[in-house]
There are 2 protein chains.
Amino acid sequence: MSEKLTIGKLAGATGTKVETIRYYEQIGLLPAPARSASNYRTYEGTHLRRLSFIRRARDLGFSIDQVRELMGLADHRDQSCIAVDVVANQHRDAIRRKIADLTALAGELDALIDSCSRNTVADCRIIEALAPSA
Amino acid sequence: MSEKLTIGKLAGATGTKVETIRYYEQIGLLPAPARSASNYRTYEGTHLRRLSFIRRARDLGFSIDQVRELMGLADHRDQSCIAVDVVANQHRDAIRRKIADLTALAGELDALIDSCSRNTVADCRIIEALAPSA
DNA sequence: TATGCACCCTCTAGTCGCTAGAGGGTCAAG
DNA sequence: CTTGACCCTCTAGCGACTAGAGGGTGCATA
């Protein structure tokens, strides 16, 4: 049905910027489409589906390399999806670790901010905490 | 006492890489030290204190620009430290927002991973969830 | 004294995932 | 036939480093 999209239409349909699409083509994430007589990129349904996949995975925080891996796995429909599960789990674990790190950080900052007497810089506990004990 | 550090000693003392110290000098975050006859950087106590401040602030997740701002504020010891408080608060809030974003993401990934039947890719819910509904 | 090795120097380019800009060409509506 | 929105390529920039090439220096040891 809806074949032959310009890069702008594809961008609109997937919530991606035009420049980003060209970038994905450049790094080999999205296959290069055919060109019109005037050298415009002409995308098909396959591109739309592939880019949607990419966007969704990126929105979930997967790296470009992970997206590449997931797409490679998705293309072998007869194989086990345990490898897919592994990638997703690794990513989820990395996010959980990052959350833990940031939570610890926020706690430290809370303590720092609470200790601020809001007087002069000379006796500011925040500056003091950042400076060495000397 | 312990004056005249080579870049390597300073790196060791602050837990910073040598290249990073040179980078901080290049971007004007750490003042350029004197040079020895053989063109080696020779650091003093002031550099050690300043770099320690930078490291601590960076470890707490402040951006280079924020570190620059904090150091500028710290240098005016007679002024109010409310500006310091503001920078710290902005940063803390940004971190809290990032934690919220990542938590939502981790939840989505949990749901995705739970739905995986661990069969073939063809009926893998993870791939399905990434692909468009078509 | 020679040699080796750890350290230092500068300069450049790479990382990640885009984003922005210059300097053009194309297409469709009014 | 002009205007404005779109398209093209190529290059450089972001943040915060990191890595490498290609060279010089300083000290200990054989």
Side-chain angles (χ1 to χ4, degrees), chain A residues 4-30 32-43 47 50-51 53-71 90-91 94-95 98 101-102 105, chain B residues 4-30 32-44 47 50-51 53-71 87 90-91 94-95 98 101-102 105:
Chain A
K4 309 292 175 197
L5 297 162
T6 63
I7 197 168
K9 301 281 182 193
L10 182 63
T14 56
T16 314
K17 291 195 176 184
V18 165
E19 294 82 6
T20 305
I21 295 176
R22 285 197 280 250
Y23 169 71
Y24 285 164
E25 177 182 327
Q26 193 192 308
I27 62 168
L29 194 60
L30 192 65
R35 297 293 182 116
S36 74
S38 53
N39 202 30
Y40 283 21
R41 287 171 178 83
T42 52
Y43 294 96
H47 293 104
R50 209 157 175 95
L51 183 54
F53 185 103
I54 294 168
R55 286 303 316 166
R56 178 92 183 105
R58 293 286 303 127
D59 284 348
L60 284 169
F62 287 98
S63 71
I64 296 274
D65 270 357
Q66 284 174 321
V67 175
R68 231 187 272 273
E69 192 177 350
L70 286 173
M71 289 199 305
Q90 282 172 349
H91 180 46
I95 288 177
K98 185 159 278 177
D101 287 351
L102 288 177
L105 222 56
Chain B
K4 309 292 176 195
L5 296 162
T6 63
I7 196 168
K9 301 282 182 192
L10 183 63
T14 56
T16 315
K17 291 195 179 184
V18 165
E19 294 81 6
T20 305
I21 295 177
R22 285 197 281 250
Y23 169 71
Y24 286 163
E25 178 181 327
Q26 193 193 307
I27 62 168
L29 194 61
L30 192 64
R35 297 295 183 114
S36 74
S38 52
N39 203 30
Y40 283 21
R41 287 169 179 84
T42 53
Y43 294 96
E44 325 250 343
H47 292 103
R50 207 154 176 95
L51 182 54
F53 185 103
I54 294 168
R55 285 305 313 165
R56 177 90 182 106
R58 292 287 303 126
D59 285 347
L60 283 169
F62 287 99
S63 72
I64 296 275
D65 271 356
Q66 285 174 320
V67 175
R68 232 186 272 272
E69 192 177 350
L70 287 173
M71 288 199 305
V87 173
Q90 281 172 350
H91 180 46
I95 288 177
K98 184 158 277 177
D101 287 352
L102 288 177
L105 220 58

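Computed from a prediction, not measured in an experiment: that's the story for all the values here.
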Worksheet item: Quick one: A:Arg22 CZ to D:dC6 P, roughly how many Å, whole number?
Response: 13 Å
Practice prompt. Using a 4.0 Å heavy-atom cut-off across all strands, classify B:Ile27 as base, sugar-phosphate, or nothing.
Written response: nothing
Practice prompt. For A:Arg41, answer base if it contacts any base atom (sugar-phosphate contacts may also be present), sugar-phosphate if it contacts only those atoms, and nothing otherwise; contact means non-hydrogen atoms under 4.0 Å.
Written response: sugar-phosphate
Discussion item. Does a side-chain N or O of B:Arg58 approach OP1 or OP2 of D:dG15 to a distance below 4.0 Å, or not?
Written reply: no
Discussion item. For a quick test of reading the model: is some side-chain N or O of A:Ser38 closer than 4.0 Å to OP1 or OP2 of C:dC27?
Written reply: yes
Item to complete: Indicate, with a heavy-atom threshold strictly under 4.0 Å, whether B:Ser63 touches base, sugar-phosphate, or nothing.
Response: sugar-phosphate
Discussion item. Let me spell it out: for each of B:Thr6 and A:Tyr40, pick the nucleotide of DNA chain C with the closest heavy atom. Which residue's pick is nearer the 5' end?
Written reply: B:Thr6
Worksheet, complete the sentence: Separation of D:dC7 atom C1' from A:Leu10 atom CG, nearest Å, is 14 Å
Practice prompt. For B:Gln66 and D:dG15, give me the distance from atom CD to atom P, rounded to whole Å.
Written response: 12 Å
Discussion item. I'd like to know if the side chain of A:Thr42 reaches the main chain of A:Ala34, judged simply by a donor and an acceptor atom lying under 3.5 Å from each other, with no hydrogens or angles considered.
Written reply: yes
Fill in: NZ/NE/NH1/NH2 to OD/OE distance under 4.0 Å, A:Arg68 and A:Asp65
yes
Worksheet item: OP1 or OP2 of D:dA19 less than 4.0 angstrom from a side-chain nitrogen or oxygen of B:Lys17, does that happen here?
Response: yes
Fill in: Between C:dC7 (P) and B:Ile21 (CD1): distance, integer Å
14 Å
Worksheet, complete the sentence: Rounded to whole Å, CD of B:Gln26 lies from C1' of C:dA13 at a distance of 13 Å
Practice prompt. Taking only the side-chain nitrogens and oxygens of A:Arg35, find out if one of them lies under 4.0 Å from OP1 or OP2 of D:dT9.
Written response: yes
Item to complete: Search all heavy atoms of A:Leu5 against all heavy atoms of A:Leu10 and return the closest pair with its distance.
Response: CD1-CD1, 4.0 Å
Worksheet entry | OP1 or OP2 of C:dG17 under 4.0 Å from side-chain N/O of A:Tyr24 | no
Fill in: D:dC17 phosphate, OP1 or OP2, under 4.0 Å from B:Thr20 side-chain N/O
no
Item to complete: Taking B:Arg50 for its side chain and B:Ile54 for its backbone only, find out whether a donor-acceptor pair lies under 3.5 Å.
Response: no
Worksheet entry | d(CD, B:Glu19; P, C:dC7) in whole Å | 12 Å
Worksheet item: In whole angstrom, what separates B:Lys9's NZ from C:dA6's C1'?
Response: 11 Å
Discussion item. Need to verify one output field. Residue with the more 5' nearest nucleotide on DNA chain C, A:Tyr23 or A:Ala37?
Written reply: A:Tyr23
Item to complete: Indicate yes or no for a side-chain donor-acceptor contact from B:His91 to the backbone of B:Gly61 under 3.5 Å, with no hydrogens or angles considered.
Response: yes
Worksheet entry | Whole-Å distance separating the CG atom of A:Asn39 from the C1' atom of D:dC10 | 14 Å
